[in-house]
Amino acid sequence: MALTLDNPNYQFIKMTAGVVATFGMYSLLYKETKIYRFFEHMFLGLAAGLSLTLIWTETLYDMWWTPMVGHYADKSSQWNQNGAWPWALMLPLAAMAYMIFSKKHNWMSRIPIGLLIGIGAGQAFQNWFNQYGPQIENSIKPLIPTDWSRLSAPSTVGLTQDKVAAIQNNLYFSQGINNLVFLITLLCVLSYFIFCTEFKHKFTMGMSTAGRMLLMVGFGAIFGTTIMTRFALFIDRMYFVWIEWLMDGTHKMLGGG
Amino acid sequence: MEQQQDNGRPSIGERLQSVNRNVLYLCLFVVVSSSLVIAHLFTIGVPAEPQECTKNAYEKLRNLHPGDTIIIDTAYTNSSRGENGGEMEAVLRMAMREKVKFVLYTYAEPQCIEVAKGVIDRINEERRKAKTPEPEYKEWDDYVVLGFFPDGATMLQTVASNIRDAWGAKKDKDETGAERPVFESPVLKNIQKIEDIKAYVSISASSVMPTIVARLQHRLPIISMITGVMFPEQFNYYKSGQLQGLINGLVGTVEFETLMDKGIDANGVVGGHAEGPPIAAPFPGDKNFARGMDYYLAFCCAMTLLIVAIVVGNVGMFLERRRMR
C-alpha cells in the first residue's frame with residue numbers, strides 16, 4: 001500500500017513523530033539538553049516556514065495578487081474580473097518599511113508605518129469608549145434595597161415572565177450588600193492608582209492599602225485560572241500520547257478501523 | 001547547619017518543603033496518565049453544574065434555526081487544544097446537528113485555519129460513523145472558509161459598516177472545485193449586513209475580544225470561548241452585557257457538554273422535565289460528552305494533587321517553624 005495521506009500507516013508515523021516531539025519538548029523539565037534544543041529549533045523552523053507559506057496563500061494571493069492581475073473565467077466558474085493594476089503600487093509602499101534597516105534612507109520607512117499608526121489611532125478614539133464605556137456604566141450600581149420583605153431574591157423557577165421581570169427589577173438586601181462590596185473594592189483599587197498626590201490621612205492611606213490587598217486577591221484568582229489552563233494543556237498532551245496515539249492509533253494501524 | 005537536626009540530617013519539616021521538583025513532575029505525569037486511561041476505558045463522567053454564562057451561551061446557540069448563518073472566529077492552534085479544542089468540537093457538533101451554516105476565519109494566526117479544518121474533518125468522520133449516519137457537512141454549501149486576515153481590527157471595522165466590502169475579495173471552492181466569491185455561496189448569499197448573521201462565536205487563546213466587542217457589540221450576539229487564564233478579564237465584558245455568553249476553558253467545555261446532554265427546561269432547570277417548551281433543548285442519544293469530559297477526571301485529579309502538594313509544603317513550614325522556636 002502506498003504511503004498516501006489517507007494511509008493509516010502514514011497517520012501513525014505522523015502521530016509517532018508528534019509523540020517524540022512532545023517528550024523532546026518536555027525533556028526541558030529535567031534540564032536543557034541538546035535533545036530539547038533540537039526539537040525547539042525544529043518547531044520554530046516549521047512554524048516560521050508554515051506561516052510564510054500561509055501568508056501568501058491565505059492573504060497576499062487573495063487580497064492583493066488576484067485583484068491586481070485579475071481572475072479569468074474557466075469552465076467551472078462564471079466569475080470574471082479584470083485586473084486592477086494600481087494594486088501594484090502597494091509593493092513599493094510596503095517595501096519602504098524595510099528601509100528602516102538603511103541609515104541613509106530610513107526616513108522612507110516612516111511613510112508606511114505612519115499610515116498604519118494613523119489607521120490604528122483613528123479607530124482607537126471611537127473604540128476605546130465602545131470597549132470600556134459599558135463596563136464603566138455597569139460599575140454604577142444601586143445600594144439601597146427596594147424590597148425589604150426578604151433578605152435575598154426569590155427563586156424565579158416556574159414563574160411567569162411578568163413575575164420574573166418584577167423580581168429582577170427589585171433590589172434585595174443581599175444584592176445591596178454585594179453592590180456595596182463591589183463599590184468599596186472599586187474605590188479602594190482606584191485610590192491605589194492615584195499617584196498625583198500623597199495620601200497622609202489615615203482613612204485615605206487605609207483605602208490605598210485595602211486596594212493593594214484586594215488587587216492581590218484578584219491576582220490570586222488570575223493565578224489560579226492560569227494554573228488550571230496549564231494543567232489542561234498538559235492533560236491534552238498526555239491524552240494525545242496515551243489515547244490518540246497508543247490506544248486508538250495503534251488500533252487503527254493494526255486494521256481495527 | 002542551623003536548620004538541620006543535631007545528627008546532621010534534615011528535619012521532617014525541611015524535607016517536606018524541599019521535595020525534588022522532578023518527583024512532583026513524575027507524580028503529575030502518573031496521576032494524569034492513569035486517570036485519562038481509566039476515564040477512557042470505563043467512560044467515567046464527573047458531574048458539573050453549569051454557570052449562568054455557559055447557560056446563556058448554550059441558550060443562544062441552541063435556539064438558532066436551520067439555515068441561519070453564524071461566524072466562527074477561530075484564534076487558537078494546537079498549543080491550546082486542551083481547552084479551545086473541546087470548545088470548537090462542541091460548537092461544530094451543535095451547528096451541524098442544527099443545520100446552521102457558518103463562516104470560518106481567523107485574524108490571530110494563519111495556522112488556526114488548518115487546525116479548525118482538521119476538527120471539521122474529524123467531526124464529519126464522526127457523523128459518518130454514527131449509529132444513524134448523518135450527512136457530511138460540506139464546504140461551500142454548509143460552511144465557507146475565509147482564511148486569514150492580517151489586520152483583524154480594520155477588517156472588523158469594515159464588516160461593521162459593510163460586510164460585502166470587507167469579504168468581497170474572498171473566495172472559496174465550490175462543489176466542483178472552482179474558486180468563487182464567497183457571497184455566491186449558500187452560506188452568505190442572503191447576507192447583506194452584519195445584523196443578518198445570527199451569532200459571532202470567538203474561540204480564542206489570545207486577547208482578541210477587545211477588538212471584537214469594540215466594533216460589533218449590540219449588532220449581533222457575541223459568544224466568547226476562551227482559555228481559563230483569560231476568564232477573569234473577559235468576565236467583565238460578560239457582566240456589562242457586551243458578551244451574551246462565555247465559556248470558561250475546560251470547565252466551561254464540560255458545562256457546555258452537560259447542557260448538550262441535559263438541556264434547560266421551561267423553568268430554567270438543567271436536566272429538568274417541566275411542561276412547556278424548553279429554554280434550550282438537549283440532544284438526547286447523540287455523542288454530547290467528548291473532549292471536555294474525557295479530560296475532566298484527569299483535571300480534577302491533577303488539581304487534587306496540587307492541593308495536596310500545597311498542604312504538604314505548608315505543613316512542612318509549620319513543623320519547621322515550631323522546631324526553630
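Values in this document were obtained by computation on a predicted structure and should not be read as measured data. Each chain gets a letter, A, B and so on, in the order the sequences are listed, and its residues count up from 1.
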message: Is it the case that over 12 heavy atoms from other parts of the model lie below 6.0 angstrom from the CH2 atom of A/Trp64?
response: yes

Part of B/Leu306 within contact of chain A (heavy atom distance under 4.5 Å): side chain

query: Counting only heavy atoms not in A/Trp56, do more than 12 sit closer than 6.0 Å to its CH2 atom?
result: yes

field: Which portion of A/Phe240 sits near chain B, non-hydrogen atoms under 4.5 angstrom
entry: both

message: Between A/Ile119 and B/Thr154, does the side chain to side chain contact (heavy atoms under 4.5 Å, CB included) criterion hold? Intermediate values first, please.
response: CA-CA 8 Å; A/Ile119 291 168; B/Thr154 307; 3.8 Å; yes

query: If you draw a 6.0 Å radius around CD in B/Glu275, do more than 12 non-hydrogen atoms from other residues or ligands fall strictly inside?
result: no

query: Non-hydrogen atoms of chain A under 4.5 Å away: do they reach the side chain of B/Tyr25, the backbone, both or neither?
result: side chain

field: Criterion side chain to side chain donor-acceptor pair (under 3.5 Å) on B/Arg215 and A/Gln123, from CA distance to verdict
entry: CA-CA 9 Å; B/Arg215 289 157 181 85; A/Gln123 291 180 29; 2.6 Å; yes

message: Can you tell me which portion of A/Glu137 sits under 4.5 Å from chain B's heavy atoms? Options are side chain, backbone, both or neither.
response: neither

Heavy-atom contact with chain A under 4.5 Å, split by part of B/Pro210: both

- request: Name the region of A/Leu60, side chain, backbone, both or neither, that has any atom closer than 4.5 Å to a heavy atom of chain B.
  value: neither

- prompt: Are side-chain heavy atoms of A/Leu233 and B/Ser79 found at a separation under 4.5 Å?
  reply: no

statement: Heavy-atom closest pair (B/Ala214 atom, A/Asn127 atom, distance to 0.1 Å) is O-OD1, 3.3 Å

- line: Output for pair (A/Thr66 OG1, B/Lys171 NZ), nearest 0.5 Å, gives 4.0 Å

message: Less than 4.5 Å to any heavy atom of chain A: does that hold for the side chain of B/Ala274, its backbone, both, or neither?
response: neither

Residue pair A/Met228, B/Phe231: steps toward the side chain to side chain contact (heavy atoms under 4.5 Å, CB included) verdict: CA-CA 11 Å; A/Met228 285 165 66; B/Phe231 186 73; over 6 Å; no

task: Heavy-atom distances under 4.5 Å only: say whether B/Leu250 touches chain A with side chain, backbone, both or neither.
output: side chain

query: When rounded to the nearest 0.5 angstrom, what distance separates CD in A/Gln131 from OG in B/Ser240?
result: 10.0 Å

task: Begin with the C-alpha distance, continue with both residues' side-chain angles, and end with the deciding distance and a verdict on side chain to side chain contact (heavy atoms under 4.5 Å, CB included) for A/Met63 and B/Phe149.
output: CA-CA 9 Å; A/Met63 301 183 80; B/Phe149 290 91; 4.2 Å; yes

- request: Salt-bridge test for A/Glu244 and B/Arg122: reply yes if a basic N is under 4.0 Å from a carboxylate O, no otherwise.
  value: no

Test item: B/Thr227 side-chain N/O and A/Thr229 main-chain N/O as donor-acceptor pair under 3.5 Å: no

task: For A/Phe231 and B/Ala302, work out which heavy atoms get closest and say how close.
output: CE1-O, 3.5 Å

message: Under a 4.5 Å cutoff for heavy-atom pairs, which residue among B/Glu109, B/His218, B/Arg291 has the most contacts with chain A?
response: B/Arg291

message: Return the CD to CG distance between A/Gln135 and B/Asn236, rounded to the nearest 0.5 Å.
response: 5.0 Å

message: Heavy-atom cut-off 4.5 Å, strictly under: side chain, backbone, both or neither for A/Ile235 against chain B?
response: both

message: Please give me the minimum heavy-atom distance between B/Lys239 and A/Asn138, naming the atom from each residue.
response: O-ND2, 3.4 Å

task: Sort out for me which of A/Trp128, A/Phe234, A/Tyr30 touches chain B most, counting heavy-atom pairs under 4.5 Å.
output: A/Phe234

query: Hey, which of B/Val251, B/Asp294, B/Val269, B/Asn78 has the most heavy atom pairs under 4.5 Å with chain A?
result: B/Asp294

- request: State, to 0.1 Å, how close B/Gly82 and A/Asp236 come at their nearest heavy-atom pair, and which atoms those are.
  value: CA-CB, 3.3 Å

query: Is the number of heavy atoms from other residues, nucleotides or ligands under 6.0 Å of A/Phe129 CZ greater than 12?
result: no

statement: In short, B/Pro110 meets A/Ser51 closest at the heavy-atom pair CG-O, 4.4 Å

message: With a 6.0 Å cut-off (strictly less than), is the heavy-atom count around CE of A/Met213, excluding the residue itself, greater than 12?
response: no

statement: If one checks every heavy atom of A/Leu50 against chain B at 4.5 Å, the contacting part turns out to be side chain

message: For B/Phe29, which atoms come within 4.5 Å of any heavy atom of chain A: side chain, backbone, both, or neither?
response: both

task: Please look at B/Glu114 and chain A and tell me whether the side chain, the backbone, both or neither of the residue comes under 4.5 angstrom of a heavy atom of that chain.
output: side chain

task: Flag yes if more than 12 heavy atoms outside A/Tyr132 fall under 6.0 Å of its OH atom; otherwise flag no.
output: no

task: Give, as side chain, backbone, both or neither, the part of A/Asn130 having an atom under 4.5 angstrom from any heavy atom of chain B.
output: both

task: Report, as yes or no, whether the 6.0 Å neighbourhood of atom CD1 on A/Ile35 holds more than 12 heavy atoms from other residues, nucleotides or ligands.
output: no

query: Does CZ belonging to A/Phe182 count more than 12 external heavy atoms closer than 6.0 Å?
result: yes

- request: Evaluate the side chain to side chain contact (heavy atoms under 4.5 Å, CB included) criterion for residues A/Asp248 and B/His40: first the C-alpha distance (whole Å), next the side-chain angles of each, then the deciding distance (0.1 Å), finally the verdict.
  value: CA-CA 11 Å; A/Asp248 296 346; B/His40 184 73; 3.9 Å; yes

- prompt: Do you know which of B/Gln242, B/Glu83, B/Met303 has the most heavy-atom pairs with chain A at a distance under 4.5 angstrom?
  reply: B/Gln242

- line: Given B/Ala153, B/Gly272, B/Gly86, the one with more heavy-atom pairs under 4.5 angstrom with chain A than any other is B/Ala153

query: With only heavy atoms counted, which part of B/Gln217 is less than 4.5 Å from chain A, the side chain, the backbone, both or neither?
result: side chain

message: To the closest 0.5 Å, what do you measure between CG (B/Leu36) and CE (A/Met247)?
response: 10.5 Å

